[in-house]
Amino acid sequence: MRKSAAIFLSICMTAACMTGCGSSQSQTGETKTEAAKDSGTQADSKAPKEDAGSDKEPVVLDMMWWTDGSETVAMQELIEEYESLNPNITINLQEIAFEDLTTKLQMAIAGGEAPALSRCVETTISQLNGAMIDFADYVDGEELKSQYLSSVDYLYMSGDKICAIPTEVTANGMVYNKTAFEQAGVEVPSGPDDIWTWDEFKDELKKVVDNSDVQYGMVIDNASHRWCTMLYEFGGSLATESGGNLSSEESQNAIKFTKDLFDSGLAVSSIWLSGEDPNNLFRSGQVAVHISGTWMMQNYDENIKDFEWGVTYMPIGTTRSSVPGGKAITVFEGTGVEKEAVDFATWVTAQEQNEKYCKDSLFVSPRVDNANIEYPVRSEEFAVFADELANTVPAAGFDLGMPGYTAVGYTALQSLWPEVLTGALTPEQMAAEIDEQTNEFMKKNNFLK
């Protein structure tokens, strides 16, 4: 396995030194150092550069892209604006299916045909970071990092290397049936200084089920990513620098409290046991609370017509938290147009452009200066998610920051939580088994300290 990985890395690094066919221009002869001096730091100005005129050599930047919703329209509008400010630049958006992204990029890099830019996620960076530029070679790295939430470092960095620039983030949180809560006379927290504890939430949820039209208390999307929000809020985590951490007292408290929600009937077990769709259940009006995330906002805004819904703050255990996810834009080495690609990447992710992109696409921004975007719909709900994201604990970043670990920890949670719910495993047994897998992974990849 190590030998195969080394061979592939060697291929990627060799490809990274070649001029890519996917992005073309006449060679400028600029060295990397000269390009870094010219580029500066990430700027919010929308004005064209003084030397951006039609007399410059034409440059085509291929950009690999996939879509989850309406964000392609928003990105294309920004591309057209950038091209009007920089007449010699043409950005070719190449749309592919997300499931094909890694394979296509691997093949392009190995063949010396890497695109100038690509949309990416954490797994893309963990696998292909050797073929990506370090943005710190072109801009002030510390200044760039300071513009983004510290909890999303794992989305765009590999060690100390800035491999990409974040464009949007997702956050886990609590969507609730406002009509049902009003029927039961239960008021949700009014702000971040007025948040239920998990025990208080459980008591209030019982009131809603007993005194409204809903049949069920809550649904939780899956047994891994969304549930980990509860894990972190109880002070637990999947791992620490010393190894697996699910056997700790804090993690066990989270596991046992969650199991009690299912055992009492407040949480719908079929979501985790048989794969029933939590979105359909919530949309049907049968459920009081859905622990999900920002990606459901557009869906619910368009499709829920029979009741009112909202977003409230996740209850607090020993702390508050969320679990961030998201996407970024990366630039590849060896294309001959790295400087031009960096210029576009830093422009399109700057404050004003990022605000437009996130606003039009109904995304939460990863930028600290875009925490209060006024969206066309559901601005109050997005503000709650943004506040949850801002309170994400470092433990989440540690777990998610180990490249490849989610395939171990999340997969184990997904497969073993159902056994805990059916009684085939105790919480302690599940924790011990996952901790053992975590320790093996961390030892193999030199993450243990």
Side-chain angles (χ1 to χ4, degrees), residues 8-9 11-25 58-83 86 89-135 138 155-158 161-170 325-349 353-354 357-358 360-361 363 366 403:
F8 176 70
L9 181 59
I11 292 172
C12 287
M13 293 304 293
T14 300
C17 295
M18 299 171 63
T19 299
C21 300
S23 303
S24 60
Q25 76 160 131
V59 177
V60 177
L61 303 177
D62 288 341
M63 181 173 173
M64 204 165 285
W65 185 264
W66 78 92
T67 185
D68 291 322
S70 60
E71 69 268 28
T72 297
V73 174
M75 179 55 67
Q76 190 61 57
E77 289 177 353
L78 288 168
I79 286 173
E80 291 171 3
E81 181 178 352
Y82 186 78
E83 289 174 337
N86 299 270
I89 303 292
T90 299
I91 299 170
N92 179 26
L93 206 63
Q94 301 177 332
E95 288 198 59
I96 61 169
F98 172 70
E99 54 267 26
D100 297 333
L101 176 69
T102 301
T103 299
K104 284 185 177 294
L105 285 175
Q106 287 173 334
M107 293 175 63
I109 292 166
E113 298 183 352
L117 308 109
S118 179
R119 196 181 197 192
C120 63
V121 293
E122 176 269 331
T123 53
T124 321
I125 292 172
S126 68
Q127 295 180 55
L128 301 177
N129 63 79
M132 298 171 180
I133 69 160
D134 186 344
F135 278 84
Y138 294 83
L155 291 175
Y156 67 100
M157 296 187 66
S158 178
K161 181 178 179 180
I162 303 175
C163 298
I165 304 180
T167 53
E168 72 256 36
V169 287
T170 59
K327 301 175 182 69
I329 290 177
T330 190
V331 171
F332 289 101
E333 288 273 19
T335 63
V337 290
E338 291 93 334
K339 179 182 180 300
E340 290 81 0
V342 168
D343 286 345
F344 172 72
T346 53
W347 179 88
V348 81
T349 54
Q353 289 77 258
N354 178 254
Y357 174 74
C358 291
D360 291 351
S361 306
F363 290 148

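Nothing fancy with the numbering, it's 1 onward along the sequence.
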Next item on the list: Keeping the roles fixed (side chain from Glu338, backbone from Val331), state whether a donor-acceptor pair exists under 3.5 Å.
Entry: no
Item checked: Closest approach of Tyr156 to Pro166 (non-hydrogen atoms, all atoms of both residues) -> CD2-CG, 3.3 Å
Checklist line | Main-chain N/O of Leu61 paired with Asn92 side-chain donor or acceptor, under 3.5 Å | finding: no
Notebook entry, point to check: What class does the angle between the rings of Trp65 and Tyr357 fall in, given that below 30° is parallel, 30 to 60° is tilted and above 60° is perpendicular?
Noted result: perpendicular
Next item on the list: Kindly give the heavy-atom pair with the smallest separation between Lys161 and Asn129, and that separation in Å.
Entry: NZ-O, 2.7 Å
Checklist line | Glu77 side chain to Met75 backbone, donor-acceptor under 3.5 Å | finding: no
Check: Is there a donor-acceptor pair under 3.5 Å between the side chain of Thr90 and the backbone N or O of Val60?
Finding: no
Note to self: As an exercise, state the distance from CD1 of Ile162 to OH of Tyr138, rounded to the nearest 0.5 Å.
What the structure shows: 13.0 Å
Check: What is the distance from atom CZ of Arg119 to atom CD of Glu95, rounded to the nearest 0.5 Å?
Finding: 9.5 Å
Item checked: Minimum heavy-atom distance Ala164-Ile125, with the two atoms named -> CB-CD1, 4.0 Å
Margin query: Determine whether a donor-acceptor pair (N or O, by modelled atom type, separation under 3.5 Å) exists between the side chain of Thr335 and the backbone of Val337.
Written below: yes
Note to self: Testing the basics here: between Gln106 and Leu128, what is the closest heavy-atom pair and its distance to 0.1 Å?
What the structure shows: CG-CD2, 3.7 Å
Notebook entry, point to check: Between Thr124 and Met132, which heavy-atom pair has the shortest distance, and what is it?
Noted result: O-CE, 3.8 Å
Note to self: Quick check for you: to the nearest 0.5 Å, what is the distance between Glu122 atom CD and Cys163 atom SG?
What the structure shows: 11.0 Å
Checklist line | CA sep, side-chain torsions, deciding dist, call: Thr346, Ile165, side chain to side chain contact (heavy atoms under 4.5 Å, CB included) | finding: CA-CA 8 Å; Thr346 53; Ile165 304 180; 3.8 Å; yes
Item checked: Heavy-atom donor-acceptor pair, Asn354 side chain to Thr167 backbone, under 3.5 Å -> yes
Margin query: As an exercise, state the distance from CG of Leu117 to CZ of Phe332, rounded to the nearest 0.5 Å.
Written below: 9.0 Å
Next item on the list: Starting from the C-alpha separation in whole Å, work towards a yes-or-no answer on side chain to side chain contact (heavy atoms under 4.5 Å, CB included) for Leu78 and Trp347.
Entry: CA-CA 10 Å; Leu78 288 168; Trp347 179 88; 4.3 Å; yes
Next item on the list: Provide the closest heavy-atom pair for Ile329 versus Ala345 in the form atom of the first, atom of the second, distance.
Entry: CG2-CB, 4.2 Å
Next item on the list: Answer yes or no: does atom NZ of Lys104 have more than 12 heavy-atom neighbours from other residues, nucleotides or ligands under 6.0 Å?
Entry: no
Margin query: Has Thr103 got a side-chain atom pairing as donor or acceptor with Asp100's backbone, closer than 3.5 angstrom?
Written below: no
Check: When rounded to the nearest 0.5 angstrom, what distance separates CD in Glu83 from CD1 in Ile89?
Finding: 9.0 Å
Next item on the list: Give, for atom CG of Leu105 and atom CD of Glu113, the distance between the pair rounded to the nearest 0.5 Å.
Entry: 12.5 Å
Next item on the list: Using atom types as modelled and distance alone, determine if a side-chain donor or acceptor of Ser361 lies under 3.5 Å from a backbone N or O of Cys358.
Entry: no
Next item on the list: For the residue pair Phe344 and Tyr82, categorise the inter-ring angle as parallel (less than 30°), tilted (30 to 60°) or perpendicular (more than 60°).
Entry: perpendicular
